[in-house]
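Structure first, commentary second.
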Amino acid sequence: MSELYIRVAEDENEEPMEIPSEDDGTVLLSSVSAQFPGACGLRYRNPESQCMRGVRLVEGVLHAPESSWGNLVYVVNYPKDNKRKMEEIDAASAVKIKRGFQKTSDLIVLGLPWKTTEQDLKDYFSTFGEVIMVQVKRDAKTGNSKGFGFVRFADYETQTKVIAQRHMIDGRWCDCKLPNSKASPDEPMRSRKIFVGRCTEDMTTDDLRQYFMQYGEVTDVFIPKPFRAFAFVTFADDQVAQALCGEDLIIKGVSVHISNAEPKHNNIHQLFHNFPGGVASLAAMFGRSQYPFPSSHV
DNA sequence: GTTGAGCGTT
């Protein structure tokens with residue numbers, strides 16, 4: 001065995017990544033595809049001919065050219081048909097990859113004693129792993145607990161463990177489940193704009209812009225006034241927006257829910273949208289069987 | 001000041 005690692009890149013000009021070789025000097029294709037999902041082989045530029053050469057691949061094992069990998073940078077091959085597709089998948093999952101492969105989500109905690117506080121929840125769940133968010137839902141007026149809350153863990157393994165068992169919290173058995181809010185995932189609208197639900201009043205457009213910048217270029221942030229607990233964020237790239245849909249993100253310590261922004265209605269629709277009795281009574285007033293205004297999109 | 005299956009001020 002000559003080297004421990006070979007240098008692999010997606011492109012000759014990209015920064016290479018070191019991929020481990022096996023004891024016999026070969027490199028497993030699986031080692032490559034672990035870092036470059038979808039990879040089906042390697043190639044390199046032959047220093048003498050300046051032509052690209054393929055690396056021998058036998059049953060998932062990549063063999064060094066001339067018995068040594070040398071100091072060359074090897075370039076990843078993707079299946080021809082899938083190349084475009086792979087790029088799209090990469091872009092769409094870039095957000096998730098940045099954060100790690102297993103995304104955690106908020107868990108609903110059912111059956112909490114009325115007296116249980118967020119500190120109690122945090123203390124209890126911290127025995128399982130790092131807790132990054134807790135909430136106890138309360139009546140806005142009285143401040144009384146509604147007997148349920150939410151918890152979010154840093155690691156997916158923790159989440160899995162917590163869901164799998166019942167929890168004795170302050171003398172009551174409680175259940176942790178994936179909330180219904182994402183049981184029926186909204187879809188399929190390739191918008192560059194996302195709906196940010198469960199915003200709090202202290203979130204400014206700057207806060208949101210600063211936060212969402214990490215995922216891609218933000219071209220607009222809109223917060224309805226007066227406060228309505230949601231906002232819209234528009235990205236330059238629709239794939240960034242799509243990749244975020246369905247996720248719960250934590251901004252200023254609170255969990256916001258990302259979904260597709262529904263197509264914007266024009267002013268006349270907005271005006272009549274909350275009409276008492278609904279659009280049916282409106283239609284009746286207009287002597288028609290249907291909502292009197294043509295629908296419009298985006 | 002109560003309660004005990006559920007689902008987070010779109």
Side-chain angles (χ1 to χ4, degrees), chain A residues 103-118 120-122 125 131-153 159 162-163 166-187 189 191-205 207-208 212 220-234 241 244-267 269-276 278-279 295 297-298:
Chain A
K103 48 181 185 229
T104 64
S105 45
D106 295 356
L107 303 181
I108 188 166
V109 189
L110 268 359
L112 287 176
W114 313 115
K115 54 175 265 209
T116 297
T117 65
E118 296 190 343
D120 294 334
L121 274 192
K122 178 147 192 184
F125 284 115
V131 173
I132 57 178
M133 193 276 311
V134 285
Q135 279 180 305
V136 171
K137 288 300 169 191
R138 300 176 179 281
D139 182 278
K141 225 163 60 181
T142 67
N144 291 334
S145 167
K146 291 185 179 169
F148 71 95
F150 292 88
V151 61
R152 178 79 165 273
F153 294 96
Q159 168 170 323
V162 165
I163 292 176
R166 301 248 286 160
H167 301 272
M168 177 58 75
I169 302 177
D170 291 336
R172 271 184 63 94
W173 285 109
C174 302
D175 293 299
C176 293
K177 303 176 181 172
L178 289 168
N180 291 335
S181 52
K182 54 185 74 69
S184 63
D186 19 285
E187 283 298 323
M189 170 81 223
S191 173
R192 291 163 37 232
K193 190 195 292 187
I194 56 172
F195 177 93
V196 185
R198 304 199 303 264
C199 288
T200 52
E201 203 155 10
D202 66 328
M203 291 180 191
T204 66
T205 54
D207 289 333
L208 296 183
F212 283 103
D220 187 55
V221 176
F222 180 76
I223 300 180
K225 282 181 283 282
F227 175 65
R228 292 224 273 154
F230 63 89
F232 295 101
V233 175
T234 307
L244 286 172
C245 283
E247 304 242 355
D248 292 310
L249 304 174
I250 293 171
I251 305 179
K252 293 185 130 182
V254 315
S255 170
V256 301
H257 185 71
I258 309 302
S259 54
N260 268 303
E262 285 176 18
K264 185 163 68 177
H265 295 84
N266 59 29
N267 289 335
H269 285 82
Q270 285 176 348
L271 272 172
F272 287 96
H273 187 258
N274 293 324
F275 191 82
V279 293
S295 56
H297 294 285
V298 182

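Throughout, protein chains are lettered first and strands after them, A, B, ... in sequence-line order, and every chain is numbered starting at 1. Keep in mind that this is a model prediction, so the values were computed, not measured.
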I'd like a table of atom pairs between the protein and nucleotides 2-5 of chain B - only N or O on both sides, under 3.5 Å - with the distance next to each one.
residue: B/dG4; atom: O6; partner: A/W114; partner atom: NE1; Å: 3.0
residue: B/dG4; atom: N1; partner: A/L112; partner atom: O; Å: 2.6
residue: B/dG4; atom: N2; partner: A/L112; partner atom: N; Å: 3.4
residue: B/dG4; atom: N2; partner: A/L112; partner atom: O; Å: 3.2
residue: B/dG4; atom: N2; partner: A/G147; partner atom: O; Å: 2.8

Name all residues meeting the side chain to side chain contact (heavy atoms under 4.5 Å, CB included) criterion together with A/L110; count only those two or more places apart in sequence or in a different chain, and write none if there are none. A/I108, A/F148, A/K177
Using atom CZ of A/F227 as one end and atom C1' of B/dT10 as the other, report the distance to the nearest whole Å. 11 Å
Is the base of B/dG6 touched by the side chain of A/N180 through a donor-acceptor pair closer than 3.5 angstrom? no
Rounded to whole angstroms, how far apart are CZ on A/F195 and P on B/dT9? 13 Å
What is the distance from CG of A/D139 to P of B/dT9, rounded to the nearest Å? 11 Å
Whole angstroms only, please: what is the CG-P distance between A/D248 and B/dG8? 12 Å
For A/D175, enumerate each residue passing the salt bridge (Lys or Arg N to Asp or Glu O under 4.0 Å) test, keeping only those at least two apart in sequence or located in another chain. A/R166
Distance check needed: B/dG8 P versus A/Q135 CD, whole Å only. 11 Å
Salt bridge (Lys or Arg N to Asp or Glu O under 4.0 Å) with A/D207: which residues, sequence neighbours excluded? A/K252
Could you check how far NE2 of A/H257 sits from P of B/dG8, rounded to whole Å? 11 Å
Nearest 0.5 Å please: distance from the CZ atom of A/F222 over to the CG atom of A/L208. 12.5 Å
A/I132: side chain to side chain contact (heavy atoms under 4.5 Å, CB included) partners, not counting sequence neighbours: A/E130, A/R152, A/A154, A/I250
Tell me, please, which residues at least two apart from A/T117 pass side-chain hydrogen bond (donor to acceptor under 3.5 Å, both in side chains). A/D120
